[in-house]
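Structure first, commentary second.
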Amino acid sequence: QVQFVESGGGLVQAGGSLRLSCATSGTISSIAFSIAAMGWYRQAPGKQRELVATITRSGSTNYADSVKGRFTISRDNANNTVHLQMNSLKPEDTAVYYCNLEVLRRTFWGQGTQVTVSS
């Protein structure tokens with residue numbers, strides 16, 4: 001059992017910034033979190049959910065081409081939290097963003113947080 005608290009979403013003008021945070025709790029321990037892979041996915045209306053960024057337990061990161069150079073994923077193992085810093089936001093970034101955790105062959109999803117970028 002894993003619980004997520006997602007925050008940081010909202011409405012921002014094009015060119016602005018937002019920082020999403022996903023804090024985990026529940027049965028997961030600090031050790032379990034430290035070995036988990038974390039990620040952010042997003043889903044826009046009429047589109048499939050797509051990968052935005054991932055970070056492995058070793059700290060290696062991967063980004064979708066559409067967000068490279070603008071978004072940064074990071075993790076804070078001490079607080080069981082993953083962040084997504086989003087800069088230079090574009091209207092096409094508008095979507096529901098979901099936190100994802102994978103550990104020991106199990107996958108967990110957050111509730112999602114809305115990000116809306118106006119032009």
Side-chain angles (χ1 to χ4, degrees):
Q1 185 178 3
V2 177
Q3 295 179 327
F4 299 86
V5 178
E6 296 188 38
S7 62
L11 175 64
V12 66
Q13 291 185 320
S17 299
L18 287 173
R19 191 178 82 144
L20 305 183
S21 297
C22 178
T24 63
S25 62
T27 58
I28 193 169
S29 67
S30 59
I31 294 177
F33 184 87
S34 72
I35 66 173
M38 303 292 299
W40 288 96
Y41 292 70
R42 68 186 181 187
Q43 186 168 21
K47 300 183 66 177
Q48 296 186 36
R49 186 175 299 185
E50 64 177 352
L51 184 149
V52 176
T54 60
I55 184 167
T56 69
R57 65 184 187 182
S58 65
S60 298
T61 58
N62 185 57
Y63 299 92
D65 288 341
S66 60
V67 306
K68 285 182 179 178
R70 300 188 298 120
F71 291 10
T72 302
I73 188 172
S74 62
R75 63 192 298 160
D76 180 358
N77 288 352
N79 293 293
N80 296 345
T81 303
V82 63
H83 304 281
L84 184 69
Q85 178 67 44
M86 304 184 294
N87 299 324
S88 301
L89 284 163
K90 304 175 181 179
E92 49 263 45
D93 294 319
T94 295
V96 176
Y97 285 70
Y98 297 90
C99 178
N100 168 271
L101 181 152
E102 181 177 343
V103 61
L104 302 176
R105 300 180 182 272
R106 298 178 182 271
T107 302
F108 304 89
W109 294 93
Q111 293 293 312
T113 184
Q114 178 70 46
V115 171
T116 302
V117 184
S118 64
S119 59

Heavy-atom side-chain proximity of Gln114 to Leu11 below 4.5 angstrom: no

Ser66 versus Arg42, closest heavy-atom pair with distance: OG-NH2, 3.4 Å

Thr72 OG1 to Met86 CE distance, which is reported to the nearest 0.5 Å: 11.0 Å

Taking every non-hydrogen atom, the tightest pair across Cys99 and Val82: SG-CG1, 3.7 Å

Shared hydrophobic cluster for Val96 and Phe4 (ILVMFWY, side-chain gaps under 4.5 Å): no

Shared hydrophobic cluster for Tyr41 and Leu18 (ILVMFWY, side-chain gaps under 4.5 Å): no

Glu6 side chain to Gly112 backbone, donor-acceptor under 3.5 Å: yes

Atom CZ of Arg57: over 12 foreign heavy atoms under 6.0 Å: no

Over-ring placement of Arg75 relative to Phe33, 6.0 Å and 45° cut-offs: yes

Common cluster, Leu104/Val2, ILVMFWY with side-chain heavy-atom separation under 4.5 Å: yes

Test item: side-chain donor near acceptor, Glu102 and Asn100, under 3.5 Å: no

Nearest heavy atoms of Ile73 and Met38, plus distance in Å: CD1-O, 4.1 Å

Nearest heavy-atom neighbours spanning Asn80 and Ser30: OD1-CA, 3.9 Å

Atom CD of Gln111: over 12 foreign heavy atoms under 6.0 Å: no

Heavy-atom pair of closest approach, residues Ala53 and Leu51: N-CD2, 3.7 Å

Closest contact, heavy atoms only, Ala14 versus Pro91: CB-CD, 4.2 Å

Transitive ILVMFWY side-chain link Ile35 to Phe108, under 4.5 Å: yes

Ile55 backbone acceptor or donor facing Thr61 side chain under 3.5 Å: no

Gap between atom OG1 of Thr107 and atom CG of Leu101 - 0.5 Å precision: 8.5 Å

Short N-O contact, Asp93 and Lys90, less than 4.0 angstrom: no

Mutual orientation of the aromatic rings belonging to Phe71 and Tyr97 [parallel < 30°, tilted 30-60°, perpendicular > 60°]: tilted

Cluster overlap Val115 with Tyr98, hydrophobic side-chain contacts below 4.5 Å: no

